[in-house]
Peer 1: 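Handing you this structure, nothing more for now.
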Number of protein chains: 2
Amino acid sequence: MSLQHSLLVLLSESPATGYELSQTFKKGVGYFWKASHQQIYLQLKKLSEVGWLEFVIEVQRGKPDKKIYQITEAGKAVLNAWLSSEVKPPKTNDALLVMIYGGKHVKPDVLIKEIERHKSIHSKGLKKLLDIETLYLSLSDDEKKKYRLPYLTLRRGISGEQSWLVWAEEVLIELMSD
Amino acid sequence: MSLQHSLLVLLSESPATGYELSQTFKKGVGYFWKASHQQIYLQLKKLSEVGWLEFVIEVQRGKPDKKIYQITEAGKAVLNAWLSSEVKPPKTNDALLVMIYGGKHVKPDVLIKEIERHKSIHSKGLKKLLDIETLYLSLSDDEKKKYRLPYLTLRRGISGEQSWLVWAEEVLIELMSD
DNA sequence: AAATAATATGCAATTAGTTGCATATTATTT
DNA sequence: AAATAATATGCAACTAATTGCATATTATTT
């Protein structure tokens with residue numbers, strides 16, 4: 001179950017609160033992992049109970065207290081073992097493709113509308129990723145070296161979105177030629 | 001929950017057994033939906049109970065009996081309503097990207113080996129999809145028209161694999177330049 | 001000969017993920 | 001003023017998916 005490993009990877013970089021991690025998934029690395037805040041808190045608790053994470057509580061004024069988690073040596077050992085293991089490719093379950101597959105039962109307009117809506121979502125997603133890339137490319141060479149591997153994952157996020165958008169254009173052209 | 005809708009879409013094409021549907025997901029349309037046979041049987045049972053599917057039992061010699069499911073009129077109505085609804089884009093949870101993101105904790109060789117392994121899996125997957133495309137392209141124009149929309153989904157399967165393989169090459173070149 | 005695969009279906013325990021709800025305070029928007 | 005968002009954490013019910021196991025027979029592979 002790789003949510004735990006995703007959390008360990010992120011925390012191996014720097015300590016963080018559950019909320020910060022939730023935001024990271026929402027805004028930063030959602031192109032390769034997504035999880036609800038409830039799931040994240042649940043797993044952080046479990047990881048703490050087995051000793052792979054520890055936390056300090058920081059009291060705040062005007063806001064709830066923070067629990068800042070950081071990875072333990074045991075957590076690092078587990079993470080390193082996992083990083084040397086084999087993982088399964090992700091499974092694809094894409095409801096839009098199911099819709100297109102069965103699309104002969106509805107009018108092309110219906111499909112076109114939904115594909116346009118998804119196109120808009122993907123375009124926004126791509127823009128976010130390109131903004132992150134712009135930020136990365138503005139770093140000094142030393143800093144770039146530090147984030148080289150995360151940048152490679154971002155490249156996948158970007159290339160995946162771009163290829164999706166190219167395909168969506170192909171589909172729209174085909175549907176509109178009716 | 002779109003496994004039910006995936007099953008309705010497939011059965012709107014022609015009646016099938018749970019086993020055949022399971023094979024279809026394994027060999028034909030796994031690029032946009034995957035499900036275990038247990039999950040498929042569970043959902044077929046549910047869909048039958050609510051009247052969206054019905055089945056006939058066919059006795060076989062030397063093999064277990066078959067249950068051939070087909071969509072009902074109620075099922076078609078539900079499917080049509082769903083085909084006109086909005087669906088969410090799929091969520092991506094890719095453990096290989098998590099590994100690459102945290103890859104500074106292991107030697108490049110370790111990452112390279114796992115990426116090569118995934119590359120092999122993806123290449124085989126692409127070859128399967130290209131074989132299906134070859135089959136489609138060998139059809140008569142009339143038959144092609146019949147499968148035009150499923151072919152568009154296949155195009156996504158293919159373009160997704162191709163873009164992944166291009167990206168993987170980029171990553172390997174970067175990792176091997178160390 | 002034994003193990004595995006294929007054909008076909010299914011039970012059930014376990015794990016993973018989703019959704020709604022909640023607490024409490026401040027800031028911003030409607 | 002009321003509603004919503006942001007900051008932060010969390011409980012719990014429900015749904016979805018995974019995994020292991022099972023039945024029974026034949027065919028193929030080791």
Side-chain angles (χ1 to χ4, degrees), chain A residues 1-8 10-11 15-27 30 32-50 53-70 87-95 98, chain B residues 1-8 11 15-27 30 32-50 53-69 87-95 98:
Chain A
M1 201 283 301
S2 295
L3 174 56
Q4 291 194 352
H5 298 117
S6 300
L7 292 171
L8 288 173
L10 291 179
L11 288 169
T17 64
Y19 186 79
E20 284 166 346
L21 290 165
S22 182
Q23 294 290 86
T24 298
F25 282 131
K26 193 176 302 181
K27 296 178 181 169
F32 72 71
W33 208 274
K34 282 186 165 67
S36 66
H37 80 262
Q38 290 97 326
Q39 191 67 0
I40 292 166
Y41 286 114
L42 184 65
Q43 295 306 325
L44 288 174
K45 179 174 180 182
K46 283 184 179 170
L47 290 169
S48 298
E49 284 167 352
V50 297
L53 297 183
E54 62 195 2
F55 61 83
V56 294
I57 300 186
E58 186 176 297
V59 178
Q60 295 193 102
R61 296 189 56 174
K63 302 186 221 179
D65 296 351
K66 288 191 195 189
K67 286 169 89 165
I68 305 179
Y69 290 90
Q70 74 180 21
V87 293
K88 290 184 187 175
K91 177 172 74 168
T92 301
N93 283 348
D94 188 334
V98 178
Chain B
M1 204 282 302
S2 296
L3 174 56
Q4 290 193 350
H5 298 117
S6 302
L7 291 171
L8 288 173
L11 288 169
T17 63
Y19 187 80
E20 284 167 346
L21 290 164
S22 184
Q23 295 290 87
T24 297
F25 283 131
K26 193 175 299 181
K27 295 177 182 171
F32 73 70
W33 208 272
K34 282 186 165 65
S36 66
H37 80 260
Q38 290 98 328
Q39 191 67 3
I40 291 167
Y41 286 115
L42 184 65
Q43 296 305 326
L44 287 174
K45 180 175 176 181
K46 284 185 181 172
L47 291 170
S48 297
E49 283 167 351
V50 296
L53 296 183
E54 63 197 359
F55 61 83
V56 294
I57 299 186
E58 186 176 297
V59 179
Q60 295 191 103
R61 297 188 57 174
K63 303 185 221 179
D65 295 352
K66 287 192 196 186
K67 287 169 87 163
I68 306 180
Y69 290 88
V87 292
K88 292 185 183 174
K91 177 173 74 166
T92 303
N93 285 349
D94 188 332
V98 177

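Each chain gets a letter, A, B and so on, in the order its sequence line appears, and its residues count up from 1. None of the values given here were measured: they were computed from a predicted structure.
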Peer 1: Rounded to the nearest 0.5 Å, what's the gap from OG on S22(B) to NZ on K27(B)? Could you check?
Peer 2: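 The OG atom of S22(B) sits 9.5 Å away from the NZ atom of K27(B).
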
Peer 1: I want to confirm an ordering. Mapping A35(A) and K45(B) to their closest nucleotides on DNA chain C, which one lands closer to the 5' end?
Peer 2: K45(B)

Peer 1: Give a yes or no on whether K45(B) atom NZ has more than 12 heavy-atom contacts from other residues, nucleotides or ligands under 6.0 Å away.
Peer 2: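 Atom NZ in K45(B) is not crowded, with 12 or fewer foreign heavy atoms closer than 6.0 Å.
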
Peer 1: Report the distance from atom CG of L3(B) to atom P of dG17(C), rounded to the nearest whole Å.
Peer 2: 17 Å

Peer 1: To the nearest angstrom, how far is Q39(A) atom CD from dA12(D) atom C1'?
Peer 2: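 For the pair Q39(A) CD and dA12(D) C1', the rounded distance is 13 Å.
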
Peer 1: What's the CG-P distance between L21(B) and dG10(C), to the nearest Å?
Peer 2: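 Interatomic distance, CG of L21(B) to P of dG10(C): 12 Å.
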
Peer 1: K91(B) has an atom NZ; how far is it from atom P of dA16(D), in whole Å?
Peer 2: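 Nearest whole value for this atom pair: 13 Å.
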
Peer 1: Using atom CG of L42(A) as one end and atom C1' of dT15(C) as the other, report the distance to the nearest whole Å.
Peer 2: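 These atoms are roughly 11 Å apart.
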
Peer 1: Is there any protein nitrogen or oxygen under 3.5 Å from a nitrogen or oxygen in nucleotides 7-9 of chain C, and what are the pairs?
Peer 2:
unit_1, atom_1, unit_2, atom_2, d
dT7(C), OP2, Y19(B), OH, 2.7
dA8(C), OP1, Q60(B), OE1, 2.6
dA8(C), OP1, Q60(B), NE2, 2.5
dT9(C), OP1, K67(B), N, 2.8
dT9(C), OP1, K67(B), O, 3.2
dT9(C), OP2, G18(B), N, 3.3
dT9(C), OP2, Y19(B), N, 2.6
dT9(C), OP2, Y41(B), OH, 2.8

Peer 1: How many Å lie between NZ on K34(A) and P on dT18(C), as a whole number?
Peer 2: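 To the nearest whole Å, that distance equals 11 Å.
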
Peer 1: Mind calculating the distance between NZ (K88(A)) and P (dT15(C)) to the nearest angstrom?
Peer 2: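 Spelled out: NZ on K88(A) to P on dT15(C) is 15 Å.
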
Peer 1: Mind calculating the distance between NZ (K26(A)) and P (dT18(C)) to the nearest angstrom?
Peer 2: 13 Å

Peer 1: Quick one: the dot-bracket string of DNA chain C, using Watson-Crick and G-U wobble pairs with both distances under 3.5 Å, [ ] for crossing pairs and | for bases paired to another strand.
Peer 2: ||||||||||||||||||||||||||||||

Peer 1: For dG17(C), does the base pair up with any side-chain atom of Q38(A) as donor and acceptor (N or O, under 3.5 Å, distance only)?
Peer 2: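 No, no donor-acceptor pair under 3.5 Å.
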
